[in-house]
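Please read the structure below before turning to the comments.
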2 protein chains.
Amino acid sequence: MVDLVYRNIMTDLKRRIENNEFDNKRLPDERSLSESYGVSRSSVKRALNVLANQGIIFKKRGSGTFINPLYQKNESIFQYEGSNLGITDSFKSDGQVPQIKLLDFQVIPANEELQTELFLNPGDFVYQIKRLRTFDDHPFMIEQGYIPIKVAPELTKAVVAESIFNYFEDTAGKSVTKSFMSIKAEPSNDEDHELLGLKDFEPVGMMEGIFFLDDGTPVEVSNMRLHYKYLNYNTFVNLDGEM
Amino acid sequence: MVDLVYRNIMTDLKRRIENNEFDNKRLPDERSLSESYGVSRSSVKRALNVLANQGIIFKKRGSGTFINPLYQKNESIFQYEGSNLGITDSFKSDGQVPQIKLLDFQVIPANEELQTELFLNPGDFVYQIKRLRTFDDHPFMIEQGYIPIKVAPELTKAVVAESIFNYFEDTAGKSVTKSFMSIKAEPSNDEDHELLGLKDFEPVGMMEGIFFLDDGTPVEVSNMRLHYKYLNYNTFVNLDGEM
DNA sequence: AAGTGGTCTAGACCACTAC
DNA sequence: TAGTGGTCTAGACCACTTA
């Protein structure tokens, strides 16, 4: 697909780690990798940095580069799907059939909050899209999204009933790769009870996100209310991940 | 403090952004910055990459580097404190007085799960530490932590009643900079009702974390149950943040 | 002392955007 | 066409760990 040196090396190393080719939990040193791959040490470092930022390896100065034992032993713990955009479309299906029911679809003027979050001017309009997501007819999420009409002037009901981000990618060739996410919990309200089948005392998980294109253009604000059993955000945090 | 070129530039650029020195939302190009700071372009790029990974700027190939409008306009939205380790010690006080009540402190053998998560052998022991955290006598979190005795052989009640991670840093000079975090929501149980003052129907937020030193040594597994009003994890996600 | 990862440089060339 | 950020190289030197 792509043809970047550091990315190829990264992919290859990941494969070799998963295949247990480094049984002593230790990777070859950077200079050796540089030579064996026939690339500069800088490119090797870059590949290793990506893996380190994902928590797959640890680099120990003066000592070497080591595989995170959790990555091999216990992939059920080490799942940072949450480290994706926290996005609707990326909920794991696990063989279940995902479905979308469109609850609301209209165009409204952006209020002040939306103007700020989506970099809009007073008077700009947004699509308001409310959807219910299910797995095998079992609802798990109410999603209310707002998309500036100017970033998708010809959005239709049919599109909105499916993956919106795929639509961006397919039509405009632009992919949504960045987001602000805010994760909270709340008691459920009447609508939650009705749509998500929750009991009074059962909570909802809230995920609020602003999604951006690569170039910083915001394309959606989304408020997601999840059946609490489905709120599970996993992530690897690396404070030195600043490189 | 530190004296890294890219870090100094990063800090300076951040300051200049916050001081509105780039009123047109656009930073000087990399080659200019390289010259004006008297460093290589690589170092400038590195500094910019850090800021981009934090969501403070967006880089647009062929066009320039731009400030994220949300960063200046609305810092109340743009707060990714959650992007810290998700750590206990980092909860913002906001002028409130944080307190810790030690509920339990003992040494027990690590069960299988802890052995896996903390890279321990059968028969290894861990401290089991249960604490209640409050702001101005208002409880908001029950925290149950497990720390291998071998990473802190002389842990005392006094230490445990304060910041454990600061203790690591002060005594061993090692800082906790990485973590796996898992965030969920659950209905509250009896203990939550009692200790956190929750009503039956009110939920708790759960944050489970494994914390590591720089070199990959795991130092703590922590299960945190938060009053739902205090669960608020904010983060900037960048799928291209792999550099 | 030897080996490892970390930082930084100077420069070449490529890919994309704007005009 | 000019200007921007992206990738990659080859090499120097530093900081730390291990023996």
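Side chains included, hydrogens not; waters and symmetry mates left out as well; all remaining heavy atoms used. By convention in this document, chain letters (A, B, ...) are assigned in the order of the sequence lines, proteins followed by strands, and residues within each chain are numbered from 1.
- The backbone N or O of A:R7 sits less than 3.5 Å from a side-chain atom of A:T11, completing a donor-acceptor pair.
- Distance from the side chain of A:R26 is smallest to C:dT4 among C:dT7, C:dG6, C:dT4.
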| request: Using the side chain to side chain contact (heavy atoms under 4.5 Å, CB included) rule, take A:F119 and A:T217 through it: C-alpha gap first, then chi angles, then the decisive distance, then the call. | output: CA-CA 8 Å; A:F119 309 164; A:T217 309; over 6 Å; no

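- Summarising the geometry, the separation between CZ on A:F66 and C1' on D:dT18 is reported as 11 Å, rounded to the nearest angstrom.
- In this entry the distance linking CG of B:D29 with P of D:dG6 reads 12 Å, nearest Å.
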| query | Could you walk me through whether A:S182 and B:N232 pass the side-chain hydrogen bond (donor to acceptor under 3.5 Å, both in side chains) check? | reply | CA-CA 7 Å; A:S182 179; B:N232 190 352; 3.2 Å; yes

| said: The test is side-chain hydrogen bond (donor to acceptor under 3.5 Å, both in side chains); show your working for B:N238 and A:T177 and say whether it passes. | reply: CA-CA 6 Å; B:N238 186 346; A:T177 56; 4.9 Å; no

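- Atom-to-atom, CE of B:M10 to C1' of C:dC8 comes out at 17 Å; the value is rounded to the nearest Å.
- The distance between atom CG of A:L33 and atom C1' of C:dG5, rounded to the nearest whole Å, is 12 Å.
- Checking B:L27 against A:V44, the closest nucleotide of DNA chain D that is more toward the 5' end is the one next to B:L27.
- With rounding to whole Å, B:D214 atom CG is found 11 Å from D:dT17 atom P.
- Atom CZ of A:R7 and atom P of D:dT7 are 8 Å apart (whole Å).
- Put simply, A:T65 has a side-chain N or O that comes within less than 4.0 Å of OP1 or OP2 on C:dG5.
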| note | Counting primed atoms, P, OP1 and OP2 as sugar-phosphate and everything else as base, the B/S/- map of nucleotides 10-19 of chain C against protein heavy atoms under 4.0 Å is B--B-BBB--

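- Regarding B:E30, its CD atom lies at a distance of 15 Å from the C1' atom of C:dT9, rounded to whole Å.
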| field | Stepwise side chain to side chain contact (heavy atoms under 4.5 Å, CB included) test for B:F180 and A:N68 | value | CA-CA 12 Å; B:F180 282 107; A:N68 182 349; 3.7 Å; yes

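- With sequence neighbours left out, A:K130 forms a side chain to side chain contact (heavy atoms under 4.5 Å, CB included) with A:L103, A:D104, A:I142, A:Q144, A:E191.
- The NZ-C1' distance, from A:K59 to D:dT17, rounds to 16 Å in whole Å.
- Listed nucleotides: D:dC8, D:dT4, C:dT7. Nearest to the side chain of A:K45: C:dT7.
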| Derivation and outcome, side chain to side chain contact (heavy atoms under 4.5 Å, CB included), residues B:E117 and B:Y146 | CA-CA 10 Å; B:E117 295 172 343; B:Y146 300 92; over 6 Å; no

